[in-house]
Amino acid sequence: MEHNDSNQHEDTADREGGQDLHPLIAARLEKMDELGAEVPLYPYSFDRSHTSLEIREGEGPLTAEGVKVRYPGRIMAKRGTGKTLFVPVQDEWGRIQAYFKKDDLGEDAFRRIQKLIDIGDWIGVEGTLFRTRTDELSIHVTDFTFLAKAIRPLPEKYHDLSLENKSRRRYLDLAMNQESRDRFKLRSSILRDVRNFFDAEGFLEVETPVLQPLYGGATARPFTTHHNALDMTLYLRIADELYLKRLIIGGLEKVYEIAKDFRNEGMDRTHNPEFTMLECYAAYWDYRDMMDLTERLVRRLAGNFGTDGRLQYGEHQLDFSQPFRRVTFMGALAEAVGRDLMVVPTDDLAVLAREKGVELKKGMGRDKILDELFSLLVEPGLIQPTFVMDHPQELSPLAKAHRDHEGLVERFELFVAGFELANSFSELNDPREQRRRFLDQKALLEAGDEEAQQLDEDFLQAMEHGMPPTGGMGLGVDRLIMLLVDTNNIRDVLLFPHMRPEVSTDAG
RNA sequence: GCGCCGCUAGCUCAAUUGGCAGAGCAACUGACUCUUAAUCAGUAGGUUCGGGGUUCGAUUCCCUGGCGGCGUACCA
C-alpha cells in the first residue's frame with residue numbers, strides 16, 4: 001500500500017483530513033451522498049441475462065419476441081434530449097445503448113439517471129431490445145440499478161491516452177479501448193493454444209522454483225534477494241533450464257514450463273525486467289527433433305492468428321506456411337563477410353570485427369567476437385522465419401558438441417523479423433564434459449565476462465546419475481505475442497509493464 | 001548507462017520575439033421526448049513537473065533534479 005506520490009492519493013488523504021479536494025471529485029461525492037439516501041450504491045451482485053456479445057448475436061429473436069434483458073456495464077457517455085436519455089453501457093465485449101424515457105420511469109428514477117449518474121459509473125439495466133430510428137440496437141429501459149459509483153472521471157473520449165498513461169494506468173486503457181481489451185484477450189488465447197499444443201504432443205506442464213540459490217541456464221545478470229529465516233542470498237531465476245533437466249534426469253520424459261524469468265538489465269522496447277519464457281525438454285530427442293517441433297508450433301500459431309499462415313508485421317509480410325529456411329551460423333556469417341571465418345586467425349578476426357563496427361571488450365573470446373559479428377551483420381536481415389544452426393561452442397556451455405564439426409555445438413536459434421524468437425540445443429548430458437564447460441565459464445568470469453555462468457554442483461551431481469539424450473528449447477513468449485499482434489513495443493503485450501514510480505517524494 | 005526531444009486544467013493538446021495562460025472533451029447551470037464526437041446558451045476549473053538562477057517581467061532563456069518518448073549500448 002505504499003505509494004509515493006501523486007495528487008491522486010493526496011485527494012483521498014485530503015478527504016479524510018476534511019481538506020480541499022478536487023472539484024470534479026467533490027461533485028461526484030455530493031451526488032453519491034444524495035443517491036446513497038435513495039438507493040444502494042455498491043450492491044453485492046447483479047443477475048445478468050446477456051452479455052453485449054450475446055445481445056448482438058441473438059438480436060433477431062431477442063428483438064422479435066420482446067425478450068427482457070438484464071445487462072450490466074460501465075457508462076461511457078450520456079446523451080440527453082430533455083425527457084429522454086441515451087447511455088452507451090460497456091461490458092467486456094462491447095457497448096449496448098440504453099434508452100431511458102421519463103414517461104416510463106417516473107420523475108425520481110429519471111432524475112437519478114439524468115442528474116446523479118456519471119460517466120464511468122457501473123449500472124445494470126433491465127428492459128427490452130429495440131432498434132432506434134437511426135437503426136441503433138438499444139435497450140428500452142424499464143428498470144435499472146447502480147452497481148458502483150465512480151468518483152473519478154474517465155479520460156476524454158475521442159483522443160487516445162498518452163503512451164505513458166496507457167501503460168501506467170492500464171485499467172483506463174482497457175476501459176477506453178476495445179482494441180486493448182482484445183489484444184490482451186488474444187495474448188491469453190495464444191498462451192492457451194501453446195498449452196494445448198504441448199499437451200497434445202504429450203508434454204507435461206510443470207512448475208520449478210522462481211527463487212534459486214544459484215542462477216543458471218542463461219547468460220544474464222540476476223535480481224538478488226534474501227531469505228531471512230535461512231539467512232541466505234537467493235536469486236530470481238533467469239531461466240528454468242537446469243531444473244527442467246533435473247526432471248528429465250528423474251525420468252519425466254517430456255516437460256515444459258511457461259515461466260516468468262527475471263533479468264536485471266536494461267529496459268527498452270523489447271525488454272522488460274520480468275518476462276515470460278517457454279521452455280520444453282524431451283528425452284531421446286536431439287536438436288533436429290526440436291527444430292521440427294518448434295516449426296510446427298510457430299506455424300500453427302501463425303495459422304491460428306494470421307491468415308493462410310501469413311502475418312503482417314510492421315512493413316513485413318511474414319510467411320510461415322513454407323518450410324522455414326535453415327542456415328548454419330558460420331555459413332551465414334561467411335556469406336555476410338565474404339570469407340570463411342572458421343579458418344581466420346583470431347588476431348585477424350579482431351581486426352575484421354573492429355572494421356565492421358564491433359566494440360571489442362576485455363575478456364571477449366574468439367567465439368564472442370563471432371557472435372557480435374553475427375548480431376551486427378546477419379540478424380537484422382533474418383526477416384522470414386529462419387533457423388540458424390550449429391553455433392560456436394564457447395557461447396553455449398549447456399549444448400552438446402556437434403557430431404560432425406569440431407568446435408561447434410548442436411544448437412539452433414529461430415529468427416523472425418530480425419529478432420531471436422527461440423533457442424535450442426541437443427542438451428549436453430556427459431557430466432564430465434559439463435563440468436569442464438562450467439570450468440571454462442568460470443575462467444571467462446575471472447577474465448572479466450560478467451555474464452559467464454556459475455558452476456552448479458547440485459546440477460552436475462544430478463547429471464552424474466545419468467541424463468538421457470535430450471532436446472531442449474526456449475521461446476520468448478512476449479516476443480512471440482508481439483509478432484502475432486503486430487507491435488514493436490513489449491509494453492503493448494504486457495498488462496503491467498515495469499514503470500518507474502510516477503512522482504518522487506518531495507523530501508529531496 | 002549515454003544522446004536527443006518532451007512534461008501546461010481530470011484527459012488530449014495550443015500559446016508568435018521573454019509581455020494578461022487558451023481550446024476540445026469531461027464537470028456545473030439552463031433548454032430540448034430517437035440521440036450516437038448529440039445540439040444550443042452560459043459558468044467554473046491552473047504551484048505551466050520540482051528546486052535554483054537571469055530579467056522590470058519566465059510556460060518561454062540558463063543550471064539542477066524527477067518522470068516519459070525515441071535512438072544507442074547490454075540483453076531475450
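First the proteins, then the strands, lettered A, B, ... as listed; each starts at 1. Since we're looking at a predicted model, the values are computed, not measured.
Taking the six-membered ring where the residue is Trp, Phe198(A) and Tyr256(A) present parallel rings, their angle staying beneath 30° rather than reaching 60°. Aromatic ring orientation, Tyr99(A) versus Phe130(A): tilted (interplanar angle from 30° to 60°). A tilted orientation is assigned to the rings of Phe387(A) and Phe324(A), their planes being inclined by 30° to 60°.
Within residues 274-281 of chain A, the residues having any heavy atom closer than 4.0 Å to RNA chain B are, in order of number, Phe275(A). A heavy atom lying under 4.0 Å from RNA chain B marks the following residues of residues 112-122 of chain A, by number: Lys115(A), Ile119(A). Of the residues in residues 372-388 of chain A, those with a non-hydrogen atom less than 4.0 angstrom from any atom of RNA chain B are Glu372(A). For the segment residues 71-79 of chain A, the set of residues with a heavy atom within less than 4.0 Å of an atom of RNA chain B comprises Arg79(A), in numerical order.
Under the side chain to side chain donor-acceptor pair (under 3.5 Å) criterion, Lys442(A) pairs with no residue at all, not counting sequence neighbours. The salt bridge (Lys or Arg N to Asp or Glu O under 4.0 Å) test applied to Glu107(A) returns Lys102(A), not counting sequence neighbours. Listed by chain and residue number, nothing satisfies the ring-ring contact (aromatic ring centres under 6.0 Å, His included) test with Tyr281(A) (two or more places apart in sequence, or in another chain). Applying the side chain to side chain donor-acceptor pair (under 3.5 Å) test to Thr225(A) and every residue at least two apart in sequence or in another chain returns nothing. Contacts of Pro155(A) classified as side-chain contact (heavy atoms from CB on, under 4.5 Å), with partners at least two apart in sequence or in another chain: Leu161(A), Leu172(A), Met176(A).
At U35(B), one or more side-chain N or O atoms of Arg133(A) fall inside 4.0 Å of OP1 or OP2 (strictly under the cut-off). For Lys157(A) and C11(B), the shortest distance from a side-chain N or O to OP1 or OP2 is not below 4.0 Å. Between C28(B) and Lys31(A), a contact under 4.0 Å exists linking OP1 or OP2 to a side-chain N or O. Taking only side-chain nitrogens and oxygens, Ser162(A) comes nearer than 4.0 Å to OP1 or OP2 of U12(B).
Under 4.0 Å is where a charged nitrogen must lie from a carboxylate oxygen, and between Arg170(A) and Asp173(A) at least one such pair does.
Phe100(A) and Phe110(A) have their aromatic ring centers separated by at least 6.0 angstrom. For Phe412(A) and Phe425(A), the ring centers are positioned 6.0 Å apart or more.
Side-chain atoms of Val69(A) and Glu126(A), non-hydrogen and from C-beta on, never get closer than 4.5 Å to each other. Between Glu379(A) and Phe415(A) there is a side-chain heavy-atom pair separated by less than 4.5 Å. Annotation: side chain of Ile123(A) is in contact with side chain of Ile75(A) (closest heavy-atom distance under 4.5 Å).
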Note to self: Output the pairing pattern of RNA chain B as a dot-bracket string, 5' first, Watson-Crick or G-U wobble with both distances under 3.5 Å, | for cross-strand pairs, [ ] for crossing pairs.
What the structure shows: (((((((..((((.....[..)))).(((((.......))))).....(((((..]....))))))))))))....
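Side-chain atoms of Gln97(A) come within donor-acceptor range of the base of U35(B), with a qualifying N/O pair under 3.5 Å.
Candidate nucleotides U35(B), C25(B), C11(B) were compared by shortest atom distance to the side chain of Tyr158(A), and C25(B) ranks first. For Phe86(A), counting side-chain heavy atoms from C-beta on, the closest listed nucleotide (U35(B), U33(B), G10(B)) is U35(B). Side-chain proximity of Leu24(A) to A76(B), A27(B), C34(B): nearest is A27(B). Among G10(B), A76(B), U33(B), the nucleotide with an atom closest to any side-chain atom of Pro153(A) is G10(B).
Leu421(A) comes within 4.0 angstrom of no nucleic acid atom, judged by non-hydrogen atoms across all strands.
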Pairs: protein N or O with nucleotides 68-72 of chain B N or O, under 3.5 Å:
from, atom 1, to, atom 2, distance (Å)
G68(B), OP1, Arg500(A), N, 2.9
G68(B), OP2, Arg500(A), NE, 3.0
G68(B), O4', Glu164(A), OE1, 3.3
G69(B), OP1, Arg491(A), NH1, 2.0
G69(B), OP2, Arg491(A), NH1, 3.4
G71(B), OP1, Arg269(A), NH1, 3.2
G71(B), OP2, Arg269(A), NH1, 2.9

All N/O contacts under 3.5 Å from nucleotides 39-48 of chain B to the protein, with atom names and distances to one decimal?
none

